[in-house]
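One structure below.
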Amino acid sequence: GYIQACRGLMISAVCLGFFGAVFGLVGMKCTKVGGSDQTKAKIACLAGLIFILSGLCSMTSCSLYANRITSEFFDPSFVAQKYELGAALFIGWAGASLCIIGGSIFCFSIADNSNSPRRGYAYNGATSVMSSRTKVHHTVPDKTPPKHFDKNAYV
């Protein structure tokens with residue numbers, strides 16, 4: 001029974017992680033899907049909550065399975081084959097921890113957006129050499145004829 005519970009929790013963690021990734025992609029500021037920045041911040045916070053739930057499901061599943069293994073391993077009356085904690089449990093705990101940490105970061109992204117509005121920068125355009133000369137020097141141009149240079153004069 002506990003193996004079925006662990007399987008169910010892991011499947012729900014994978015499904016929640018998938019939906020968290022989709023909501024996280026929609027909630028990022030660099031995408032054009034999702035509306036305004038405030039709406040995207042709320043979607044990103046929702047993605048964070050889903051990631052936290054996914055991490056909790058995975059952590060619960062790994063911990064339940066590890067508890068069962070250790071209780072059977074140290075039980076002297078248990079005569080069937082005994083298992084030890086393997087690398088998969090440690091990888092599961094590490095992945096669940098990363099999901100919880102990443103979900104927390106997504107949830108804090110809504111607080112970052114509400115404190116400081118996003119600033120835009122104005123582009124004035126590049127000034128050409130002639131326009132910068134005319135802006136700096138307000139002198140009368142001389143009447144000398146233009147000089148002709150060959151192709152090696154600029155190298």
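On a predicted model such as this, the values are computed, not experimentally measured, just so you know. We're numbering straight along the sequence, starting at 1.
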Phe23 and Ile43 have their tightest heavy-atom pair at O-CG2, 3.3 Å
Nearest-0.5 Å distance, CD1 of residue Ile50 to SG of residue Cys45:
10.5 Å
Separation of Phe51 CZ from Leu46 CG (nearest 0.5 Å)
10.5 Å
From CE (Met59) to OG (Ser54), nearest 0.5 Å
11.0 Å
Please report the closest heavy-atom contact between Ser61 and Met10, naming both atoms and the distance.
OG-CG, 3.2 Å
Between OG1 on residue Thr60 and CG on residue Leu56, distance to nearest 0.5 Å
6.0 Å
Minimal heavy-atom distance between Gly92 and Cys62, with the atoms involved, is CA-SG, 3.7 Å
Treating Ile, Leu, Val, Met, Phe, Trp and Tyr as nodes and any side-chain heavy-atom pair under 4.5 angstrom as an edge, say whether Ile69 and Phe90 lie in one connected cluster.
yes
What is the distance from atom CG of Asn67 to atom CD of Glu72, rounded to the nearest 0.5 Å?
10.0 Å
For Leu64, which fellow cluster members are found when Ile, Leu, Val, Met, Phe, Trp and Tyr are connected by side-chain heavy-atom distances below 4.5 angstrom, either directly or through intermediates?
none
Minimum heavy-atom separation for Ala66 and Leu89, please, with both atom names.
CB-CD1, 4.0 Å
In Å and rounded to the nearest 0.5 Å, what is the CD1 to OG distance from Ile100 to Ser58?
8.5 Å
Please check if the side chain of Ser12 supplies one atom and the backbone of Leu9 the other of a donor-acceptor pair under 3.5 Å.
yes
Can you find a pair of side-chain heavy atoms, one from Ile3 and one from Tyr65, that are under 4.5 Å apart?
yes
Got a list of side-chain donor-acceptor pairs under 3.5 Å for residues 13-22, not counting sequence neighbours?
none

Test item: Ser97 side-chain N/O and Trp93 main-chain N/O as donor-acceptor pair under 3.5 Å:
yes
